[in-house]
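Heads up: the structure comes next, in structure tokens.
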Amino acid sequence: MIGNLKMLKKIFVCLFVHISIIVGFLLCLFIEYYTTNFFSSALLLNLSIYVYVWICYSAHLIGYKYSHPYFLFLYAFLGFILWNNVTTFVGITNYWDGYFSLGEEYYRKEYVHNQTYVAVILSMLFFHLIAIVMGGEQKTFLSLKSISYSSNKIRFFQNNSYTLYWIFYPLYVIYILYLVYYVMTLGYMSLFGEDSFKPPLILGLADDCARTFFWIYVLTKPPKDKLRKVILSYGILLCLALLKGGRGAVFCEFLAFLPLFEYLGKEIPLKKIILIGSAILILSPIIFYIRLGQDISERDESILKAIVSQQGVSIATVSAAIVHENDLPRCNQVYLWGPLVEFKDYLFERLSGSNVQLTSPEKLPKLSQIMSFLVDRKAYYNGWGFGSSYIAEFYIFGGFIGVALLSLAFMVFLLRMFQERESFFILFFSFISIKAIVFSLRDNPFAIIVSSFFPIIIYFCFYLYYNICEHENINNHTCL
């Protein structure tokens, strides 16, 4: 009882301080609207760092564990969005001179820098507001409170998912090696563009099947000897996947192991999390050079400088959204659900055998596509992509108000997913979505639905298979 009262007091104090920060910042923005040069880009850059430090400190203070998915999101926020702010803050790099060498002088305008920092700060302030409010509900995250792990259903899921995982595992390995070979011989850009590599359907399906059965199996809390083998084998797959060049998505899936270990009863200390983050920072530029076919030893810049300077580039997508918000060929709001439109076209193409051609910018469904086109048309037609971020998507949808309110709503969705659950399916969906949720800092948030679509279909087919076996009174807990 006393402990609960202390925690409620901490939450109240943090909420009061945070609301004060929000009100103060909004008041300064109001003053900025009617004056000039109230904010400098240097002041806003420093403020973004201070706000981030406050968020991490207060999140830990009100009980969020360092392996909680909210902290995963904060780690990725630092790596994808704020890293170059930090290095500029300490005087190591000058991000704006280094990254925006696109021949467009207006990218270097201070008002673009200022509005970029404002969007980032607004997003942090409002998503952390709801994190504080919901902080008291996060004590028993990622657990099932009413399902016995020794029940027939869980044992059936455990035995059969284990078998199915090893059936699809070699196909998944072949699929990854196929992509790695393609990248090593034809280059990383060969995976994109109109003539990009299209893997056989069975190999692409093996990807989703292996991931689905991996998460189903480990979430049943199986025996430790089998659990170690499965986690190790899946970790090897992710390491292989790094060789095909997709750094961000793979690293985000590695991060999902942190709450998994917490769920399995093994807490990861902060020191190990820092070591994991350091390894990601070191590996990231090395993989970048490998996928471009460059020899690291022949680079003019040192590997240490590359480690420092090549992170945090997603903030550029926010700047590009600010610069090009009036250049978009379609209504700004439609781009937010662009991944759903693209996925619908993909399903139609696969099912009908036809080819959906996007011949003009007006037909591009995703903000990342049209932004890549607007930033560098020649590079776009060669398969290069500028990427996106949930902040850029929210800004295009509704300006600064959209960034604030949609960031708040997005965090409600994230935190509600990772609370104590009575459904194994919701638990499964929470874990299978961690990669896409964290990667929303480099992508549209609706990509969470797209990336989870096939795993959910596979899960329900598996669940239907369980019901058939139960109906036929199969009592040995396996049909395979």
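The structure displayed is predicted, hence computed values, not measured ones.
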Taking the side chain as every heavy atom from C-beta outward, state whether [X] and [Y] have any pair of such atoms under 4.5 Å apart.
X    : Y    : value
P455 : R211 : yes
M417 : F429 : yes
Y390 : L406 : no
L122 : S407 : no
Y117 : I315 : yes
V375 : H324 : yes
F168 : D207 : no
L414 : M411 : yes

Check your understanding: Parallel under 30°, tilted from 30 to 60°, perpendicular over 60°: which one fits the rings of Y463 and Y459?
Key ->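 Answer is parallel, since the angle falls under 30°.
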Review point. Would you call the rings of F425 and F428 parallel, tilted or perpendicular, where under 30° means parallel and over 60° means perpendicular?
Key: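 Judged by the thresholds at 30° and 60°, the geometry between F425 and F428 is tilted.
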**Study point:** Check against side-chain contact (heavy atoms from CB on, under 4.5 Å), I236 and V173
**Key:** CA-CA 10 Å; I236 293 172; V173 172; over 6 Å; no
Pair [X]-[Y], side-chain donor/acceptor within less than 3.5 Å:
X    : Y    : result
E393 : Y335 : no
H18  : W54  : yes
Y66  : E262 : no
S388 : S368 : no
S233 : Y165 : yes
S389 : T317 : yes
N85  : S48  : yes

Minimum heavy-atom distance between [X] and [Y], given as atom pair plus value:
X    : Y    : value
F73  : S440 : CE1-OG, 4.0 Å
K366 : P339 : CG-N, 3.9 Å
C252 : K435 : CB-O, 3.7 Å
A131 : L415 : CA-CD1, 3.6 Å
I391 : V403 : O-CG2, 3.8 Å
Y70  : A59  : CE2-CB, 3.9 Å

With a 6.0 Å cut-off on ring centres, are [X] and [Y] close enough?
X    : Y    : value
F431 : W215 : yes
Y169 : F213 : no
F214 : Y234 : yes

**Study point:** Derivation and outcome, side-chain contact (heavy atoms from CB on, under 4.5 Å), residues F254 and C239
**Key:** CA-CA 9 Å; F254 268 121; C239 291; 3.9 Å; yes
Nearest 0.5 Å, please: how far is [atom2] in [Y] from [atom1] in [X]?
X    : Y    : atom1 : atom2 : value
S452 : I432 : OG    : CD1   : 7.0 Å
L45  : I49  : CG    : CD1   : 5.5 Å
L441 : L78  : CG    : CG    : 10.5 Å
I322 : N114 : CD1   : CG    : 9.5 Å
L219 : L427 : CG    : CG    : 5.0 Å

Check your understanding: Would you say I457 has more than 12 foreign heavy atoms packed within less than 6.0 Å of its CD1?
Key ->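 Atom CD1 in I457 is crowded, with more than 12 foreign heavy atoms closer than 6.0 Å.
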Review point. Do you know which of Y52, F410, F77, F394 makes ring pair (Phe, Tyr, Trp, His ring centres under 6.0 Å) with F127?
Key: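 Checked Y52, F410, F77, F394 against F127; only one passes ring pair (Phe, Tyr, Trp, His ring centres under 6.0 Å): F77.
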